[in-house]
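Everything below concerns the one structure shown next.
The first residue of the sequence shown is numbered 1, and numbering continues consecutively from there.
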Amino acid sequence: RSADLMKRVLAYSTIGEYGYVVVLLGLGGVYGAVGAVMYVLAHAVAKCALFLTAGAVTEATGKKNLSEVGGLGRPMPILAVTSGIAAATIAALPGTMGFFKDELFFAAMHEHGTTFTVLAVMAAALTFAYIARFWGSIFFGPLRTAPGDLPWLMPAAIMGLAVACVAF
């Protein structure tokens, strides 16, 4: 199934994330404008780390599909933690720059009424669901393919981006 290619899942999710940016710009106001900027920054840093994660997993296992990988959390703990921080940023968990982007998104939507507030919560839930599926499919469950060695620079780059996700 080509639909579950790791990089394709990430690419399609980017379309949704930038839909939020368009909504924020359309809503206007301070929350909308600042929220759009925060969305772009947080998304750029975190999604870069997740694309690098997909590349690292492909490099280590030779597999490109989410259905072919799993259980890599134990043999690749540094990759799991650092990409987990990036995933938490996309999911807007506290302690990440993603948390602040969603706070601005919620504030901008709330300014326009209850319906917009409910839509914002639904959008956040969908984002959480897709990123949890992506990250969890790679690092949880039974080990499907034993990973080989990775060049040190691959997890180091993801680590640097994960630091940026929590530092900002």
Could you measure the distance from the CD1 atom of Ile158 to the CG atom of Leu150? Nearest 0.5 Å is fine.
8.0 Å
Less than 4.5 Å apart, any side-chain heavy atom of Ile131 and any of Leu50?
yes
Can you list every side chain to side chain donor-acceptor pair (under 3.5 Å) pair that touches residues 107-126, not counting sequence neighbours?
His110-Thr117
Look at the side-chain heavy atoms of Ile, Leu, Val, Met, Phe, Trp and Tyr, link any pair under 4.5 Å apart, and say whether Phe134 and Leu143 land in one connected group.
yes
Report whether Val23 and Val37 are members of the same hydrophobic cluster (ILVMFWY, side-chain heavy atoms less than 4.5 Å apart, transitive linking).
no
Taking every heavy atom of Ala88 against every heavy atom of Thr96, the minimum-distance pair comes out as O-OG1, 3.7 Å
Side-chain heavy atoms under 4.5 angstrom apart, residues restricted to Ile, Leu, Val, Met, Phe, Trp, Tyr: same cluster for Val21 and Met38?
no
Looking only at heavy atoms, the pair that brings Val45 and Cys165 closest together is CG1-SG, 3.7 Å
Go through the steps for Ile78 and Met159 under the test side chain to side chain contact (heavy atoms under 4.5 Å, CB included), then give the verdict.
CA-CA 8 Å; Ile78 293 172; Met159 187 180 303; 3.6 Å; yes
With a cut-off of 6.0 Å (strictly less than), are more than 12 heavy atoms of other residues, nucleotides or ligands near CG of Leu126?
yes
Output every pair passing ring pair (Phe, Tyr, Trp, His ring centres under 6.0 Å) with a member in residues 40-89, not counting sequence neighbours, ordered by first then second residue.
Tyr18-His43
Please determine whether residues Trp135 and Val81 belong to a single hydrophobic cluster, defined as Ile, Leu, Val, Met, Phe, Trp and Tyr linked transitively by side-chain heavy-atom distances below 4.5 Å.
no
dist Thr145:OG1 -> Leu72:CG (nearest 0.5 Å) comes out at 7.5 Å
Step by step, work out the side chain to side chain contact (heavy atoms under 4.5 Å, CB included) result for Met97 and Val166.
CA-CA 6 Å; Met97 66 192 293; Val166 295; over 6 Å; no
Any link between Leu119 and Leu27 through a network of hydrophobic side chains (Ile, Leu, Val, Met, Phe, Trp, Tyr) touching at under 4.5 Å?
yes
Correct closest heavy-atom pair for Asp102 and Ala124 would be OD2-CB, 3.9 Å
Beyond-backbone contact of Glu103 with Phe106, side-chain heavy atoms, under 4.5 angstrom
yes
Correct closest heavy-atom pair for Ala80 and Gly73 would be CB-CA, 4.0 Å
What do the steps show when you test Val69 against Lys63 for side chain to side chain contact (heavy atoms under 4.5 Å, CB included), and what is the final call?
CA-CA 7 Å; Val69 296; Lys63 306 295 182 186; 3.7 Å; yes
Enumerate the residue pairs fulfilling ring pair (Phe, Tyr, Trp, His ring centres under 6.0 Å) with a member in residues 23-42, sequence neighbours excluded, ordered by first and then second residue.
Tyr20-Tyr39, Tyr39-Phe105
Do Thr58 and Lys7 meet the criterion of a side-chain donor-acceptor pair at a distance under 3.5 Å?
no
What distance separates Leu5 CG from Glu68 CD, expressed to the nearest 0.5 Å?
8.5 Å
Between Thr89 and Ala42 the two heavy atoms that sit nearest each other are CG2-O, 4.1 Å
Would Lys47 and Ser13 count as a side-chain hydrogen bond (donor to acceptor under 3.5 Å, both in side chains) if you check the C-alpha gap in whole Å, the side-chain angles of each, and the deciding distance to 0.1 Å?
CA-CA 10 Å; Lys47 196 60 76 84; Ser13 69; 2.6 Å; yes
Locate the shortest heavy-atom distance separating Ser83 from Phe139; write the atom from each residue and the value.
OG-CE1, 3.2 Å
Roughly how far, to the nearest 0.5 Å, is the OG atom of Ser67 from the CE atom of Met6?
9.5 Å
How long is the gap from CD1 on Ile90 to OH on Tyr130, to the nearest 0.5 Å?
5.0 Å
Taking atom CZ of Phe140 and atom CZ of Arg133, what is their separation to the nearest 0.5 Å?
15.0 Å
